[in-house]
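The structure displayed is predicted, hence computed values, not measured ones. Reminder, nothing fancy here: chain letters follow the sequence lines and each chain counts from 1.
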Number of protein chains: 2
Amino acid sequence: MKSGFITAADVAREAGVSRSAVSRTFTPGASVSRDVRERILRAAEKLGYRVNRLAQGLQMAQSNLVGVVASNLTSPFNTALLDGISAALFTRGLQCMLLNAEAARDDIGTLVNQVLEYRVRAVVILSGAPPEEIIEACLRNDVRLILINRGTLPGNADKIDTNDLTGGQLAAERMLLDGRRHVATVRSGNGSVSQKRRTESFVARMSEAGARVTPWMSGPNNFETGREAARALLADSSIDGAFCATDLIALGFLDTARFELGMDVPQHFSIIGFDNIPEAAWPSHGLTTVSHPIEAFIDAILSCLDDERQLSEGALNFTIPVELIERETTGARTRKHTSKAAL
Amino acid sequence: MKSGFITAADVAREAGVSRSAVSRTFTPGASVSRDVRERILRAAEKLGYRVNRLAQGLQMAQSNLVGVVASNLTSPFNTALLDGISAALFTRGLQCMLLNAEAARDDIGTLVNQVLEYRVRAVVILSGAPPEEIIEACLRNDVRLILINRGTLPGNADKIDTNDLTGGQLAAERMLLDGRRHVATVRSGNGSVSQKRRTESFVARMSEAGARVTPWMSGPNNFETGREAARALLADSSIDGAFCATDLIALGFLDTARFELGMDVPQHFSIIGFDNIPEAAWPSHGLTTVSHPIEAFIDAILSCLDDERQLSEGALNFTIPVELIERETTGARTRKHTSKAAL
DNA sequence: CGTTAGATTGCACACGTGTGCAAGAGCATT
DNA sequence: AATGCTCTTGCACACGTGTGCAATCTAACG
């Protein structure tokens with residue numbers, strides 16, 4: 001057998017019909033008689049025919065591809081999201097093009113441009129912020145742009161955002177219930193809009209209640225950042241609580257406080273994270289956290305993809321609900337100011 | 001501005017040259033005079049021209065896509081691998097098509113068929129086992145097939161495998177040094193070849209040294225599986241060590257032993273995992289484990305992609321080296337048979 | 001049997017690109 | 001000045017597919 005792919009023309013020759021018939025056989029809803037269809041299917045099976053999606057996409061001026069821009073795939077929340085998205089795309093007969101934002105040094109513009117070259121149907125941005133001219137380019141070419149937790153960027157794009165305001169408030173209420181009066185906020189330094197929003201909401205509520213807040217912000221969104229924050233912040237022993245913008249940071253903070261600094265959580269202070277990653281529920285951590293369920297994100301993304309309208313007719317907006325998951329890093333059964341007594 | 005993408009013909013008209021010149025301008029190494037090239041680049045910039053990769057792929061009978069079949073993206077080792085692969089592909093100007101094997105109910109044949117429709121340059125299989133006719137289909141169409149830890153499947157494909165034999169032996173030696181005489185092996189029930197190999201190598205060495213081995217195997221490769229194994233196995237208090245085929249399982253085992261069953265590791269027994277995921281190094285776990293570095297996998301994959309030969313001329317084989325990372329779940333400073341004394 | 005509506009089939013064009021080929025332009029060598 | 005060589009440029013074809021249009025075929029109905 002000769003090398004190279006089998007084309008519809010090969011199948012047509014084998015089945016003794018025209019190439020159009022082959023094309024119609026593989027096009028749902030097209031008009032083909034039953035015995036011709038069967039003869040074609042048999043020939044296609046025999047030769048190992050596969051429709052060339054590149055040619056198809058060229059003809060239709062659209063592909064079945066969806067670009068997904070992600071980064072920090074070591075964060076379990078991001079990977080869970082990616083897992084859900086790739087599975088959801090499969091159910092819609094779409095293919096997932098994964099773009100690694102870190103590899104491109106967070107040059108989201110270049111990445112989106114690359115993916116536009118494939119005439120993708122939509123682009124999902126999980127990470128980084130695309131420049132405005134890129135948003136316009138997508139709009140002009142009828143490519144849906146779906147922004148996940150990117151905040152209110154200018155331009156016409158579908159936006160799916162966690163209810164960070166409520167999330168921050170829930171965390172604050174729990175801190176206040178624990179009687180904490182001097183809390184820290186910890187987030188990564190790369191300026192994620194979502195981290196900023198939830199932190200500021202937390203700060204607002206705590207300040208309103210008269211508590212003191214020490215902000216801390218540095219490094220990437222990972223475990224090590226939490227460790228560094230703990231070392232820096234816990235030198236000041238008046239701090240009796242920490243709200244970390246992601247679970248990964250919170251777990252680094254927690255582990256360092258417990259095992260490196262020998263502190264007792266939640267006796268000495270309370271810790272609350274955000275994301276509800278699987279690791280937070282492990283017995284060794286038992287991290288109290290704010291959850292924003294993956295399923296809600298997936299549903300919202302599918303709604304955007306199923307939306308038949310042109311993007312120019314208006315974009316969609318979704319807010320993902322949050323919930324406080326209480327575990328063992330909050331709710332100490334003790335009097336207030338225990339940590340001060342340790343001085 | 002009219003909707004739809006800008007084509008090379010549009011640019012040619014704008015710049016007052018032929019369409020060929022535009023094509024050559026964007027083809028490295030083609031012959032174009034300097035001022036024509038500049039005029040074209042200016043026109044392209046102005047109009048927002050993007051090469052249509054679908055048409056290009058059709059013409060060249062090949063795309064810049066590489067299919068990656070993965071599953072269990074909640075496993076940090078898999079995601080780290082995916083992260084590395086997507087970044088590496090970017091450096092080679094290739095695009096990553098992510099296929100979720102779980103979403104396709106592990107029907108790898110269908111997945112590979114789908115990805116072949118895009119005339120991909122190669123397919124990387126991180127999960128599941130493709131049927132032999134698919135391997136042949138790839139071979140026939142000059143699509144490289146790169147199998148990661150899939151064992152010795154029949155057919156001509158590039159194979160990259162962890163040195164599981166040495167890995168299992170290293171774990172066994174450490175167990176013997178700890179004086180363990182009745183150890184368990186824990187692996188998931190979905191029959192990963194790699195898990196099987198490392199476990200069997202461990203068992204062989206332990207048996208050779210006269211130790212007793214109780215095998216356990218069930219469920220998917222996740223934390224919960226480790227928990228169930230601990231509950232089932234530690235009812236038999238003569239067991240004084242466990243070798244888990246992945247870190248995720250090992251951590252579930254460890255956490256359950258410590259926090260649910262109140263045992264002391266490594267006093268009561270030793271635990272060794274495999275993969276060296278980041279979580280294993282967290283202070284709260286300190287899991288001793290066998291590492292097979294991601295970088296080695298990436299290097300091997302790139303070597304396969306860079307290999308210019310046709311697949312029919314012979315495939316590549318790589319073995320990834322392993323190393324025992326000793327942390328706090330082995331090496332108890334105590335006399336032998338401590339656990340027996342606890343009976 | 002004649003007519004008509006409906007289903008089926010093939011022809012031919014379009015989608016946007018890369019490149020072989022030949023023609024032309026510019027320049028150095030004889 | 002004539003010749004040969006190198007560089008540039010445009011024409012035209014091919015890649016594999018979907019589909020409008022017209023032609024053909026089938027069957028139902030009068």
Under 4.0 angstrom between B:Ser31 side-chain N/O and D:dT8 OP1 or OP2: yes
Short side-chain N/O contact to D:dT17 OP1/OP2 from A:Tyr49, under 4.0 Å: yes
Output the rounded distance in Å from [atom1] ([X]) to [atom2] ([N]).
{"X": "A:Arg19", "N": "C:dC13", "atom1": "CZ", "atom2": "P", "value": "13 Å"}
{"X": "B:Gln62", "N": "C:dT17", "atom1": "CD", "atom2": "P", "value": "19 Å"}
{"X": "B:Tyr118", "N": "D:dG16", "atom1": "OH", "atom2": "P", "value": "17 Å"}
{"X": "A:Met60", "N": "C:dC13", "atom1": "CE", "atom2": "P", "value": "21 Å"}
{"X": "B:Asn64", "N": "C:dG18", "atom1": "CG", "atom2": "C1'", "value": "14 Å"}
{"X": "B:Arg37", "N": "D:dT8", "atom1": "CZ", "atom2": "P", "value": "9 Å"}
{"X": "B:Asn141", "N": "D:dG16", "atom1": "CG", "atom2": "P", "value": "12 Å"}
{"X": "B:Arg24", "N": "D:dC7", "atom1": "CZ", "atom2": "P", "value": "15 Å"}

Could you verify whether a donor N or O on one side chain and an acceptor N or O on the other, from [X] and [Y], lie under 3.5 Å apart?
{"X": "A:Asn72", "Y": "A:Thr74", "answer": "yes"}
{"X": "B:Ser127", "Y": "B:Ser71", "answer": "yes"}
{"X": "B:Ser86", "Y": "A:Asn100", "answer": "yes"}
{"X": "B:Thr319", "Y": "B:Asn317", "answer": "no"}

Which residue lies more 5' along DNA chain D, comparing A:Thr7 with A:Thr27 via nearest heavy atoms: A:Thr7
Residue whose closest nucleotide on DNA chain D lies nearer the 5' end, A:Ala9 versus B:Ala30: B:Ala30
Select base, sugar-phosphate, or nothing to describe what [X] touches, counting heavy atoms under 4.0 Å on all strands.
{"X": "B:Phe26", "value": "nothing"}
{"X": "B:Val22", "value": "nothing"}
{"X": "B:Ala61", "value": "nothing"}
{"X": "B:Ser33", "value": "sugar-phosphate"}

Given D:dT17, D:dC7, D:dG10, the nucleotide with the shortest approach to the side chain of B:Ser20: D:dG10
Nucleic acid contacts of residues 50-59 of chain A, taken as heavy-atom distances under 4.0 Å to DNA chain C: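 Those residues whose heavy atoms fall under 4.0 Å from DNA chain C, taken from residues 50-59 of chain A in numerical order, are A:Leu58, A:Gln59.
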Degree of bending, the helix from C:dC1-D:dG30 to C:dT30-D:dA1 (end axes from five pairs; round to 10°): 40°
Carboxylate-amine/guanidinium proximity below 4.0 Å for B:Arg150 and B:Asp161: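 Result for this pair is no, no salt bridge flagged.
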Expected output: side-chain B:Arg119 to main-chain B:Leu116 donor-acceptor under 3.5 Å: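 Between the backbone of B:Leu116 and the side chain of B:Arg119 there is a qualifying donor-acceptor contact (under 3.5 Å).
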Inter- and intrachain pairs under salt bridge (Lys or Arg N to Asp or Glu O under 4.0 Å), touching residues 61-86 of chain B, at least two apart: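 Output for this query is empty, none listed.
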Aromatic ring proximity A:Phe26/A:Tyr49, centre distance under 6.0 Å: yes
Lys/Arg cation over aromatic B:Phe5: B:Arg50, 6.0 Å, 45° cone: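 No; the conditions do not both hold, so B:Arg50 does not lie above the ring face of B:Phe5.
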Mutual orientation of the aromatic rings belonging to B:Phe77 and B:Phe297 [parallel < 30°, tilted 30-60°, perpendicular > 60°]: perpendicular
